[in-house]
K.L.:
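Starting off with a structure, shown below.
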Amino acid sequence: MNEEQPHVEDRCVPWSDGMQLLKDAAEGKHFLPTGLEGIDTLLGGGLRKGQLTEITGQSSSGKTQVCLYSAAHVAARHMGAVLYLDTSNSFSPSRIAHILDELPISLIKEPKDMRLKRVMSSIICESVFDIFALFEVLDRLEVSLNCKVTNGSNKICLLIIDSVSSLLAPIIGGKNSQGRSMMISVAMILKKLAHKHNLSVLVTNHMVAGNGAPKPALGESWKAAPHIRLMISRDRGSNICTATTLKHTLLVF
């Protein structure tokens, strides 16, 4: 029986010539800060607009903290609104408030209560627990961006999915070709949204056991999806986090 497949042709990133790509790289694509100096350095300046960035790591390595810091700093610095898709009830408003308290007074010149209210209203958090809900949210986001809908006076500039692997891993086990097709469709939609609307897209991915050291989940089909892939780990004894660049389209290794 033939199963209906996603309309891939509607989700492809449009063609760009070499001059357009050069212009985008030099001028059109800016960075959004994560608020974590070491991470921003590895990223080459921050979360690049127009690209898909993945943070991978084992449980409790700090992936969600990168997402929360990124959301807080982007909203606090008046850079735009943030759409935060929470797939495992990990979003923490109290943690956002704590991050804001750490910001230098010189950076955000407004009363603390006004700042907290403004930042929280600029972060749109939605719970997403399966792949079909994700498709629905991404379709609504595309429509709102096409219609230039804003959150107050802010246009969405950062999309966070924490974590994308918790939605994709259950559908790609075994010989489930439809699940893999849906995973590839998700990757194409995210990259199209990033490119077409100049968004930064940040997703997290967990690690799985490999032959030896753990490796990022979702396999080889997903490996090519992110423009940038960072792996973070936490030393249990010292509680020090380490980040490593696994892939970066603009850096030579």
Side-chain angles (χ1 to χ4, degrees), residues 1-13 47 50-64 66-67 70 83-91 125-142 158-196 199-233 243-249:
M1 183 175 72
N2 293 328
E3 296 177 337
E4 185 178 352
Q5 297 293 320
H7 296 291
V8 174
E9 66 274 9
D10 295 333
R11 294 171 176 165
C12 292
V13 173
L47 300 169
Q51 294 197 347
L52 170 61
T53 300
E54 179 189 272
I55 304 293
T56 186
Q58 298 192 62
S59 177
S60 301
S61 59
K63 302 185 294 295
T64 294
V66 175
C67 294
S70 300
L83 178 57
Y84 197 116
L85 303 186
D86 182 8
T87 70
S88 54
N89 291 320
S90 59
F91 181 78
C125 183
E126 184 158 348
S127 297
V128 177
F129 298 126
D130 62 60
I131 187 67
F132 302 105
L134 177 62
F135 278 128
E136 181 183 351
V137 172
L138 295 179
D139 283 341
R140 284 194 277 116
L141 175 60
E142 171 77 4
L158 174 61
L159 168 63
I160 297 174
I161 307 177
D162 182 28
S163 76
V164 74
S165 56
S166 67
L167 301 179
L168 298 178
I171 67 172
I172 61 171
K175 299 180 179 179
N176 188 351
S177 61
Q178 185 183 24
R180 294 188 179 276
S181 295
M182 294 172 76
M183 179 180 71
I184 292 170
S185 291
V186 168
M188 295 175 70
I189 292 170
L190 293 177
K191 295 173 84 169
K192 177 189 173 184
L193 286 169
H195 178 88
K196 181 178 178 182
L199 302 178
S200 291
V201 179
L202 173 63
V203 302
T204 63
N205 187 5
H206 66 274
M207 305 284 281
V208 295
N211 295 325
K215 61 182 181 180
L218 305 181
E220 293 298 315
S221 297
W222 177 263
K223 182 179 179 180
H227 296 93
I228 301 165
R229 175 179 259 189
L230 296 187
M231 179 178 70
I232 59 177
S233 58
T244 306
T245 305
L246 300 182
K247 175 185 179 183
H248 200 306
T249 55

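Residue numbers count from 1 along this sequence. We use all heavy atoms of the structure for the numbers below, so side chains are in, but hydrogens, waters and symmetry mates are not.
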K.L.:
Which atom names give the shortest non-hydrogen contact between Arg180 and Ile172, and what distance separates them?
P.N.:
NH2-O, 3.4 Å

K.L.:
Please check this pair: side chain of Thr53 against backbone of Leu47, looking for a donor-acceptor N/O pair closer than 3.5 Å.
P.N.:
no

K.L.:
Does Ser166 have any side-chain contact (heavy atoms from CB on, under 4.5 Å) partners at least two apart in sequence or in another chain, and if so, which?
P.N.:
Thr87, Ser163

K.L.:
Quick one: closest heavy-atom pair of Ser165 and His206, and the distance?
P.N.:
OG-ND1, 2.8 Å

K.L.:
Sequence neighbours left out, what passes salt bridge (charged side-chain N to carboxylate O under 4.0 Å, His left out) with Glu126? Give chain and number order.
P.N.:
Arg140

K.L.:
Can you tell me which residue pairs pass the salt bridge (charged side-chain N to carboxylate O under 4.0 Å, His left out) test with a partner in residues 54-63, sequence neighbours excluded?
P.N.:
Glu54-Arg229

K.L.:
Any chance you could measure Asp139, atom CG, to Leu193, atom CG, to the nearest 0.5 Å?
P.N.:
9.0 Å

K.L.:
Can you tell me how far the CG atom of Asp162 sits from the OG atom of Ser90, to the nearest 0.5 Å?
P.N.:
4.0 Å

K.L.:
Would Leu190 and Leu159 satisfy side-chain contact (heavy atoms from CB on, under 4.5 Å), going step by step from the backbone distance to the final call?
P.N.:
CA-CA 9 Å; Leu190 293 177; Leu159 168 63; 3.8 Å; yes

K.L.:
Step by step, work out the side-chain contact (heavy atoms from CB on, under 4.5 Å) result for Met207 and Met231.
P.N.:
CA-CA 9 Å; Met207 305 284 281; Met231 179 178 70; 3.5 Å; yes

K.L.:
Does one side chain, of His227 or Thr249, offer a donor that lies under 3.5 Å from an acceptor on the other?
P.N.:
no

K.L.:
NZ/Lys215 to CG/Leu246 distance, rounded to the nearest 0.5 angstrom?
P.N.:
13.0 Å

K.L.:
How long is the straight-line distance from CD1 of Ile228 back to CD1 of Ile55, given to the nearest 0.5 Å?
P.N.:
9.0 Å

K.L.:
Using the rule given for side-chain contact (heavy atoms from CB on, under 4.5 Å), can you reason through Val186 versus Ile131, listing the C-alpha separation, both sets of side-chain angles and the distance that settles it, and then say yes or no?
P.N.:
CA-CA 9 Å; Val186 168; Ile131 187 67; 3.5 Å; yes

K.L.:
Just verifying a value: how many Å separate Met182 CE and Leu167 CG, rounded to the nearest 0.5 Å?
P.N.:
10.5 Å

K.L.:
Could you tell me whether a side-chain N or O of Asn205 sits under 3.5 Å from a main-chain N or O of Pro216, the two making a donor and an acceptor?
P.N.:
no

K.L.:
Under a 4.5 Å cut-off applied to non-hydrogen side-chain atoms, are Leu134 and Ile161 in contact?
P.N.:
yes

K.L.:
Show the numbers, then the answer: is there a side-chain contact (heavy atoms from CB on, under 4.5 Å) between Ile189 and Phe135?
P.N.:
CA-CA 9 Å; Ile189 292 170; Phe135 278 128; 3.7 Å; yes

K.L.:
For Ser61 versus Ser233, what's the shortest heavy-atom pair and its separation?
P.N.:
CB-CA, 4.1 Å

K.L.:
Between atom CG of Leu52 and atom CG of Leu199, what is the distance when rounded to the nearest 0.5 Å?
P.N.:
11.0 Å

K.L.:
Minimum heavy-atom separation for Asn89 to Ser127, with atom names?
P.N.:
OD1-OG, 4.4 Å

K.L.:
Which pair of heavy atoms, one from Ala194 and one from Gln51, lies closest together, and at what distance?
P.N.:
CB-N, 3.8 Å

K.L.:
What are the two closest heavy atoms between Phe129 and Ser88, and how far apart are they?
P.N.:
CE2-N, 4.3 Å

